[in-house]
Amino acid sequence: FVHTHDYFFVAALLVPFIFSGFFCSYAAWHCEMPETGSRLFPLKERPKGLRFLLTVPMGFLQGVIIWLAFEEYAERNADQSLPITETAWQRRTDRRGAAPPN
């Protein structure tokens, strides 16, 4: 880019990433997560050194998006982790028409 002097192209690439980084920083600063984030989020409630240290990976490197995905995954698994009872197993095998494996 230095040789072609195409700084408009570089700016067009960087502006969305910078905007997204600021948006993720704002989300990490203010979000509250009930399952996993009480130790880390919101960043505004952490000690001053830790909050500025974590602003880069959770904000500009968009780690808060990954953390939110794990949060949603944990919530979905908590809802679906019901034990299979004997009657549920019998209904499953009756629909297939096969006996359960020994």
Side-chain angles (χ1 to χ4, degrees):
F1 301 114
V2 176
H3 299 294
T4 61
H5 301 288
D6 196 6
Y7 298 113
F8 179 75
F9 180 71
V10 174
L13 288 176
L14 290 180
V15 166
F17 290 114
I18 292 171
F19 177 75
S20 178
F22 279 119
F23 183 78
C24 288
S25 295
Y26 180 82
W29 199 264
H30 293 285
C31 71
E32 295 179 9
M33 298 183 196
E35 292 284 326
T36 60
S38 62
R39 300 174 295 243
L40 186 62
F41 295 106
L43 291 180
K44 66 181 178 181
E45 296 178 0
R46 301 297 146 231
K48 190 174 185 176
L50 183 63
R51 76 173 84 150
F52 289 115
L53 180 70
L54 289 176
T55 298
V56 173
M58 292 297 165
F60 291 106
L61 297 179
Q62 303 174 4
V64 71
I65 295 173
I66 297 168
W67 199 283
L68 285 169
F70 280 123
E71 178 78 14
E72 184 177 350
Y73 177 76
E75 285 180 12
R76 285 185 182 184
N77 279 347
D79 292 340
Q80 296 176 359
S81 64
L82 301 174
I84 296 178
T85 62
E86 187 67 32
T87 57
W89 176 254
Q90 288 172 351
R91 276 186 264 143
R92 182 173 173 236
T93 56
D94 289 343
R95 275 187 272 149
R96 287 185 182 174
N102 291 334

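Remember, predicted model here, so these are calculated numbers, not experimental data.
Using a 30° and 60° split on the angle between ring planes, Phe23 and Phe19 fall in the parallel class, below 30°.
Phe41 has its side chain within reach of Trp67: a pair of non-hydrogen atoms, C-beta onward, lies under 4.5 Å apart.
Nearest approach of Ser25 to Gly59, heavy atoms of both residues: OG-CA, 3.3 Å. Nearest heavy-atom pair, Ile65 versus Cys24, reported as atom, atom and distance to 0.1 Å: CD1-SG, 3.7 Å. The minimum heavy-atom distance between Met58 and Ala28, with the atom names listed, is CB-CB, 4.1 Å.
For the atom pair CD1 (Ile18) and CG (Leu13), the distance works out to 11.0 Å, reported to the nearest 0.5 Å. Atom CG of Leu53 and atom CZ of Arg46 lie 13.5 Å apart (nearest 0.5 Å).
Grouping the Ile, Leu, Val, Met, Phe, Trp and Tyr side chains by contacts below 4.5 angstrom, directly or via other members, places Leu43 with Leu50.
In this structure, Lys48 places its NZ atom where only 12 or fewer heavy-atom neighbours from other residues, nucleotides or ligands lie under 6.0 Å away.
When atom types are taken as modelled, the side chain of Thr55 and the backbone of Arg51 share a donor-acceptor pair closer than 3.5 angstrom.
Between Phe17 and Phe60, a ring centre-to-centre spacing not shorter than 6.0 Å is recorded.
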